[in-house]
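What follows is a single structure, written as structure tokens, with notes after it.
Scope of the values below: all heavy atoms of this structure, side chains included, with no hydrogens, waters or symmetry mates. All ligand and atom numbering here is 1-based and tracks the order in the structure.
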Amino acid sequence: MTTDTAPAPLAEPVLEASGVVMRFGGLTAVNQVDLTVRQGEIVGLIGPNGAGKTTFFNCLTGLYVPTEGTVTYKGRVLPPKPHLVTEAGIARTFQNIRLFSNMTVLENVLVGRHTRTKEGLFSAILRGPGYRRAEQESRERAMELLEFCGLAAKSEHLARNLPYGEQRKLEIARALASEPGLLLLDEPTAGMNPQETRAAEELVFAIRDLGIAVLVIEHDMKFIFNLCDRTAVLVQGQKIVEGDRETVQNDERVVAAYLGEPLEGTTTATEADQ
Ligand SMILES: Nc1ncnc2c1ncn2[C@@H]1O[C@H](COP(=O)(O)OP(=O)(O)O)[C@@H](O)[C@H]1O
Ligand SMILES: [Mg+2]
């Protein structure tokens, strides 16, 4: 008997990326990458700066149309348009925080909900009972999400006045507002102190417990290996290895790729590389 709590290896795939290539002129930023994320999984994506991690996310979310390859979400090929990808069920956060800085915390989450609200423009103009009910429900749901992310007390603050770590949490709350089945996090702990990073870890576990699969890019190896069921390593656009902590840490290609960078423990200073 094993006490391993990792999900069964044959859980349904949520995301399947197959042979994804992204070229910019002569530069191949992502080169033949296959990656599967299954129901209930937290999967890590690591690699040195410039390895192609963010570009790969952009290929998954319709910001870029991959030069080659396919991406499916729950068995359906994704249309290469960000709003359609969000509608299909994939939400993301950005390496460089993208909030509406002059809107309140609550308003930022409400914006994230718009793909899921049925009330159209017409009823918004009329502001009839249907619209008011929908708006009320949206606010309640948004407040629940802020509660979940530990930001309820700040709901009326302007996003730009939040400390950095809380802005990152707000990005997660806004992403969750679109009711995703898969959440992509691009360096969610960049700029966080160790305490905030631990809280972020708990938050990601809680998100998984809601039934949302997670794919996370991070430089902080301690965070990645605490959290992830499986980690893939990108180096110069190629996935060189994928597996559990031991597999990744003992792979000599990984060690070589990280030569000169700490592989474990410390939060590496990640200059915003895009
Ligand atoms: N829109 C773009 N046009 C041209 N080159 C790009 C573009 N986006 C990313 N790149 C290049 O692709 C490579 C991978 O970048 P990126 O995906 O940001 O790496 P990572 O997130 O792993 O640090 C880098 O060499 C970067 O300069
Ligand atoms: Mg990046």
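By the rule that hydrophobic residues join a cluster once side-chain heavy atoms approach within less than 4.5 Å of another member, Phe100 and Leu106 end up as members of separate clusters.
Angle OG1(Thr54) to the Mg ion (ligand 2) to OE1(Gln95), rounded to 10°: 80°.
Around atom CZ of Arg253, more than 12 heavy atoms belonging to other residues, nucleotides or ligands sit under 6.0 Å away. For Glu12, the CD atom counts as loosely surrounded, since its 6.0 Å shell holds 12 or fewer non-hydrogen atoms of other residues, nucleotides or ligands. The number of heavy atoms from other shown groups lying within 6.0 Å of CD (Glu179) is above 12.
Ligand 1 is approached by Tyr64 to a heavy-atom distance shorter than 4.0 Å. Contact between Gly50 and ligand 1 is present, with at least one heavy atom of the residue lying under 4.0 Å from the ligand.
Residue contact annotation: Thr55 places no N/O/S atom under 2.8 Å from the Mg ion (ligand 2). Here Asn49 does not reach the Mg ion (ligand 2): none of its N/O/S atoms is less than 2.8 Å from the metal.
Backbone and side-chain nitrogen or oxygen atoms of Ala29 are examined, and none is located within less than 3.5 angstrom of a nitrogen or oxygen of ligand 1. Below 3.5 Å of separation, one finds no N or O of Asn49 facing any N or O of ligand 1. Polar contact check, Thr55 against ligand 1: a nitrogen or oxygen pair lies under 3.5 Å apart. Looking at Phe24 next to ligand 1, no N or O pair under 3.5 Å apart turns up.
Within ligand 1, counting atoms from 1 as listed, the ones closer than 4.0 Å to a heavy atom of Leu27 are 11 (C), 12 (O), 25 (O). Close contacts of ligand 1 with Thr54, meaning ligand atoms under 4.0 Å from a residue heavy atom, involve 17 (O), 18 (O), 20 (P), 21 (O). Of all the atoms in ligand 1, the ones that sit under 4.0 Å from a non-hydrogen atom of Ala51 are 19 (O), 20 (P), 22 (O).
Using a 3.5 Å distance cut-off with no hydrogens or angles, the side chains of Thr247 and Asp244 do pair a donor with an acceptor. Looking only at atom types and distance, the side chain of Glu140 has a donor-acceptor partner in the side chain of Gln136 under 3.5 Å away. The closest side-chain donor-acceptor pair between Arg113 and Ser138 falls under 3.5 angstrom.
With Glu218 contributing its side chain and Gly44 its backbone, the two residues share no donor-acceptor pair below 3.5 Å.
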